[in-house]
Amino acid sequence: MSITIQGLRKQFGAFVALDGIDLSIPPGQLVALLGPSGCGKTTLLRIIAGLESADQGQVLFNGQDATRRHVRERGVGFVFQHYALFQHMSVFENIAFGLRVRPRATRPPEAVIRAKVAALLELVQMGWLADRYPSQLSGGQRQRIALARALAVEPQVLLLDEPFGALDTKVRKELRRWLRRLHDELHITSVFVTHDQEEALEVADQIVVMNQGRIEQIGSPQQVYDAPATPFVYQFLGNINLFHSRVHAGWAKVGGLQVRVPEYNDTKSASAMVYVRPHDIDLLREPEDASTTLAATISRVSQLGSLVRLELVQTAGGDIAEVEMTRERYAADPLQIGDLVFVKPRQARVFLQNSDTSTTPPLQWGGDGDGI
Amino acid sequence: MSQATRVTPQASAEPVWVRRTLLTVALLFLTLFLFIPLLAVFYEALRKGLGVYLAAVIDPYALAAIRLTLLSAAIAVPLNLLFGVAAAWAIAKFEFHGKSVLITLIDLPFAVSPVIAGLLYVLLFGAHGWLGPWLGAHDLQIIFAVPGIVLATVFVTVPFVARELIPLLQAQGSEEEEAALVLGASGWLTFWRITLPNMQWGLLYGVVLCTARAMGEFGAVSVVSGHIRGLTNTLPLHVEILYNEYQFAAAFACASLLTLLALVMLALKVAIERRAVRQRQAALAVEAP
């Protein structure tokens, strides 16, 4: 089932939770609503579910207006961050609940309910836990049961609110891969809310990046990571280095470093920010050219598993920058604290300050000639 | 003083003498104001022998008082239960204007002296009260009759169930109810199958407290009762009358009945608390990874 959202607005007192949301989710997709806490992503999910009502705008399921439809008639499955399992019911009864509360006319016979619950327990690989109570399960097990319970009513849409938020890192990773596989099997249109960019990038078909009640960008994981539409998306997805610069007539200047920005050919002396990912930086021992590198000193070296992170202090100005490289690359030239290096960004992105409408593609930059 | 020099196992513990002093003070206080009076009630009741005790208890007036006490509790407690559940449910699960006013109103009977409460009903329903003439014209008697006693009892017990349930329901949040609604359950079914089972221990606890208070209430009931023997005397009022007539043994015999009722309620309360704590611990035990 497809979901269409048109002009959605929601206010809690003076706080604007959603400020004009337009979104279209094609059937069968797994979509992530990604954003910092308070960006309105959970409110949006709850409005789709019918647990919250919008002040303005519409929610359409398969093109049909569902805005006024009651939550129990929407045919959605909802998975809560803290599971919301019924504490006083066994796992079996939790999953069977959605079938048992149906009106007598449409309620399946007991044998059918039993078979269905058994099949769902099988699906979430928890058949042996049917008689346990939620308090006797681990967090990961509870969330699987919550998912099985949501699936029992054969929802057209599956909505998950920070489904792995309360779990520890290892279980979270395991469970999100499992969710992806499950989705590939069932193909239910699914929307999940997360503040964890890694989770969104790994699991989702489409990512909707939200901030302050608005959508910043919609795109595939690759699109939002490689071509962030706004400074916010750039900052939110992955680490970044920020350099203050001035843009004048198609050139951005950071200290001595110059970056060609053809899209700002007509800009006169505006202040701007240059965004560079820590893994998009080369460190040279010798200055290549005064206008393609920045001098800096290594101030810290940390080993982070497969990566090495270096912290640099720029010689001019004293700003701090971070560089990440693989262990192998670091081993080839093990830089030490206090070493003088020359920073050469391979790829950077320039946003004028107070501008959030830039849609230019990321600029290639380096020795291949089209940059500087 | 060999005890005092012993090394305390916990660094955070108070010195031994502080703990001992506090404990002694607390025990002395309890002995003086609770245990001795409690024993005295039973001692005085049985002092003149079991025969006098039984005679006092099966005295027709005493039996009538017991009946009236149980009757007013039997009416007040279910009413309170209904009101308490409804109010707690509304306050904990919904946002609405005037919520804080409602919470304050529920607490009112705690703040107002029971005598004042009784007096209010007299002013409202008494022969010279606002509604008195109308009630008189329709041959309805509330003050100095059973309805007045029930009303007064209901008034003083209003906060018990609601007060017990509001924090419980607020702590539980509405997620389980929301889950039930999404799964297609109606509001009614959600209440019976999810909300009620989740609050059963708090509810029982509130009912026990409410029952104890309903049976023991004196002030409010005293004002509206009129002290008509065999008709509008509850057990606490009966005790007072006997006492004023210097029938000490009989007064203490009836008082011991009330005390027993209170002890039974206390025992119930402890049992319920234990159940509730154990359930909560079971729920929390697996919470930690």
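In what follows, every chain begins at residue 1, and chains take the letters A, B, ... in the order their sequences are listed.
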What's the spacing between [X] [atom1] and [Y] [atom2] if we round to 0.5 Å?
| X | Y | atom1 | atom2 | answer |
| --- | --- | --- | --- | --- |
| Phe97(A) | Glu176(B) | CZ | CD | 10.0 Å |
| Glu93(A) | Arg193(B) | CD | CZ | 8.5 Å |
| Glu178(B) | Phe80(A) | CD | CZ | 5.0 Å |
| Arg102(A) | Leu183(B) | CZ | CG | 10.0 Å |

When you look at CZ of Phe29(B), are more than 12 heavy atoms from neighbouring residues, nucleotides or ligands closer to it than 6.0 Å? no
Please check if the number of heavy atoms outside Lys173(A) that lie under 6.0 Å from its NZ is greater than 12. no
Taking every non-hydrogen pair under 4.5 Å, which of Ala84(A), Pro155(A), Ala146(A) racks up the most with chain B? Ala84(A)
For Leu85(A), is it the side chain, the backbone, both, or neither that has a heavy atom closer than 4.5 Å to a heavy atom of chain B? backbone
Is it the backbone or the side chain of Phe78(A) that comes under 4.5 Å from a heavy atom of chain B, or both, or neither? both
Among residues 69-76 of chain A, which residues come closer than 4.5 Å to chain B, judged by heavy atom distances? Val71(A), Arg72(A), Val76(A)
Select all residues of residues 29-67 of chain A having any heavy atom within less than 4.5 Å of some heavy atom of chain B, and report them by number, or 'none'. Arg46(A), Leu51(A)
At a 4.5 Å cut-off on heavy atoms, which part of Ile194(B) comes close to chain A: side chain, backbone, both, or neither? both
